Amino acid sequence: MASNATIFKATVHISDMDRQYYQDHAVTLARHPSETDERMMVRLCAFALHAHEALSFGRGVSAEEEPALWVKDLTGAIDIWIEVGQPHEKSIRQACGRAKQVYVYTYGGRGADQWWEKNLATLERLDNLTVMNLPLEGSRALAQLAHPSMELQCTIQERHIWMTEGATTAHIELTIVKDAASSFG
């Protein structure tokens, strides 16, 4: 964990209807001093979308050679590489060369759209890359759920995510910007 990081603990009860995945996960998140609650919660949302016993958080912001999340097989080969935000195009190309599947979860409204427009020509050619966008109101609603100790219910169905803590619910409808093995913008 990064020095001077703020530690958040979350219990996430995941009901993913699309994958038929129903599990509880206790996770510890280290929020780097330069990371916002919004980005940290998008990382947690990406965790829920890909939840698996081998899924782990990378050093992310504090280490460019590691993703926000990843899954490695028993040999150490990278099966899934997950980034959040607007990573550099070069680092995405490198990730696509190292991992079987790469996912990027963008957020931030117009900034995310501009990032995609700028990188479209290069990134659309990467067959193992999927880019998803969280709408601005969705990522901001997630940020409102951030607390040092969280008990979250997460329901996922047909690219809709409902993340709930107590009486507060964040609803996110993911938009597919680029699906793996397809070339559209």
Side-chain angles (χ1 to χ4, degrees), residues 7-31 37-60 66-85 87 92 95-96 98-107 112 126-135 137-182:
I7 304 302
F8 290 77
K9 295 197 179 268
T11 300
V12 187
H13 307 281
I14 301 170
S15 298
D16 187 336
M17 281 25 137
D18 299 334
R19 295 189 302 145
Q20 301 298 303
Y21 183 88
Y22 307 95
Q23 293 291 324
D24 298 337
H25 291 270
V27 297
T28 300
L29 295 142
R31 191 188 74 206
D37 283 345
E38 184 177 22
R39 184 182 189 285
M40 179 189 69
M41 292 302 289
V42 171
R43 279 195 297 135
L44 187 58
C45 184
F47 177 90
L49 287 163
H50 295 273
H52 181 277
E53 66 222 16
L55 181 64
S56 63
F57 290 95
R59 291 182 290 171
E66 286 189 15
L69 297 144
W70 55 5
V71 173
K72 292 182 179 182
D73 68 16
L74 296 174
T75 68
I78 303 167
D79 287 332
I80 300 174
W81 181 291
I82 302 167
E83 289 289 358
V84 299
I92 296 171
C96 286
R98 294 178 62 193
K100 291 178 185 171
Q101 296 176 293
V102 175
Y103 295 88
V104 176
Y105 289 91
T106 62
Y107 64 96
L126 301 172
D127 290 339
N128 60 337
L129 174 66
T130 298
V131 179
M132 305 287 281
N133 185 53
L134 284 74
E137 60 277 0
S139 61
R140 287 189 176 161
L142 278 176
Q144 297 303 309
L145 299 175
H147 300 288
S149 180
M150 298 175 271
E151 180 91 18
L152 301 164
Q153 303 291 329
C154 181
T155 304
I156 302 165
Q157 185 173 17
E158 296 176 358
R159 293 193 324 260
H160 288 264
I161 304 149
W162 292 268
M163 189 83 72
T164 303
E165 182 176 46
T168 306
T169 299
H171 173 245
I172 299 107
E173 182 175 359
L174 288 174
T175 302
I176 298 173
V177 177
K178 182 204 178 301
D179 207 355
S182 66

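Excluded from the calculations below are hydrogen atoms, water molecules and symmetry mates; all remaining heavy atoms, backbone and side chain alike, are included. Nothing fancy with the numbering, it's 1 onward along the sequence. As the structure is a prediction and not an experimental result, all values here were calculated from the model.
Here His147 pairs with nothing under the side-chain hydrogen bond (donor to acceptor under 3.5 Å, both in side chains) rule; sequence neighbours left out. Ala141 is linked by a side chain to side chain contact (heavy atoms under 4.5 Å, CB included) to Ala170, counting only residues two or more places apart in sequence or in another chain. Annotation: side-chain hydrogen bond (donor to acceptor under 3.5 Å, both in side chains) contacts of His52 (sequence neighbours excluded): none. Every residue was checked against the side-chain hydrogen bond (donor to acceptor under 3.5 Å, both in side chains) condition with Lys72, not counting sequence neighbours, and none meets it. Taking the side-chain hydrogen bond (donor to acceptor under 3.5 Å, both in side chains) definition, one finds that Arg159 meets it with nothing, sequence neighbours left out. Remark: Arg98 engages no residue in a salt bridge (charged side-chain N to carboxylate O under 4.0 Å, His left out) (not counting sequence neighbours).
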Start with the C-alpha distance between Arg43 and Val27, add both sets of side-chain angles, then the distance that settles side chain to side chain contact (heavy atoms under 4.5 Å, CB included), and finish with yes or no. CA-CA 12 Å; Arg43 279 195 297 135; Val27 297; over 6 Å; no
Check against side chain to side chain contact (heavy atoms under 4.5 Å, CB included), Ile82 and His50: CA-CA 9 Å; Ile82 302 167; His50 295 273; 3.5 Å; yes
Dump the intermediate steps for side chain to side chain donor-acceptor pair (under 3.5 Å) on Thr175 and Asn133, then the final yes or no. CA-CA 5 Å; Thr175 302; Asn133 185 53; 5.2 Å; no
Side chain to side chain contact (heavy atoms under 4.5 Å, CB included) evaluation trace for Gln101 with Thr130: CA-CA 8 Å; Gln101 296 176 293; Thr130 298; over 6 Å; no
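With a 4.5 Å cut-off on side-chain heavy atoms, Arg39 and Tyr107 count as touching. Counting only heavy atoms from C-beta outward, the side chains of Arg31 and Asp37 approach each other to under 4.5 Å. A heavy-atom distance below 4.5 Å is not found between the side chains of Trp162 and Gln153. Looking at Pro135 and Ile172, their side chains come closer than 4.5 Å, going by heavy atoms from C-beta outward. A 4.5 Å side-chain heavy-atom check between Phe8 and Leu44 finds every atom pair outside the cut-off. Counting heavy atoms from C-beta on, the side chains of Ile176 and Met132 come closer than 4.5 Å. The shortest distance between side-chain heavy atoms of Tyr103 and Leu69 does not fall below 4.5 Å. Between Glu38 and Leu142 there is no side-chain heavy-atom pair separated by less than 4.5 Å.
Minimum heavy-atom separation, Cys154 to Met163: CB-SD, 3.7 Å. The heavy-atom pair separating Met41 from Ala143 by the smallest distance is CG-CA, 4.1 Å. Closest approach of Ala51 and Tyr21 over heavy atoms only: CB-CE2, 3.5 Å. What you find for Tyr105 and Ala46 is that their closest heavy atoms are CD1-CB, 3.9 Å. In plain terms, the two heavy atoms of Ile92 and Pro87 that are nearest each other are CD1-CG, 3.6 Å.
Within the 3.5 Å criterion, the main-chain N or O of Thr155 finds no donor-acceptor partner in the side chain of Ser15. Between the side chain of Lys100 and the backbone N or O of Ala77 there is no donor-acceptor pair closer than 3.5 Å. A donor-acceptor pair under 3.5 Å is absent between the side-chain atoms of Arg19 and the main chain of Ile156, judged by distance alone. A side-chain donor-acceptor contact under 3.5 Å links Asn128 to the backbone of Cys96.
Counting heavy atoms of neighbouring residues, nucleotides and ligands inside a 6.0 Å radius, atom CD of Gln20 exceeds 12 of them.
Using cut-offs of 30° and 60° for the angle between ring planes, the His171 and His160 rings count as parallel. The aromatic rings of Phe47 and Phe57 lie parallel to each other, with less than 30° between the two planes, well short of the 60° mark.
Annotation: the span from Thr164 atom OG1 to His13 atom NE2 amounts to 11.5 Å, rounded to 0.5 Å. Rounding to the nearest 0.5 Å gives a distance of 8.0 Å between CG of Leu134 and CG of Leu49. Going from atom CG of Asp79 over to atom CG of Leu74 covers 9.5 Å, rounded to the nearest 0.5 Å. The CD atom of Gln144 lies 11.5 Å from the CD atom of Glu165; values are rounded to the nearest 0.5 Å. The CG atom of Asp73 sits 11.0 Å away from the CD1 atom of Ile80 when rounded to the nearest 0.5 Å. Taking OG1 of Thr11 as the reference point, atom CG of Leu152 lies at 8.5 Å (rounded to 0.5 Å).
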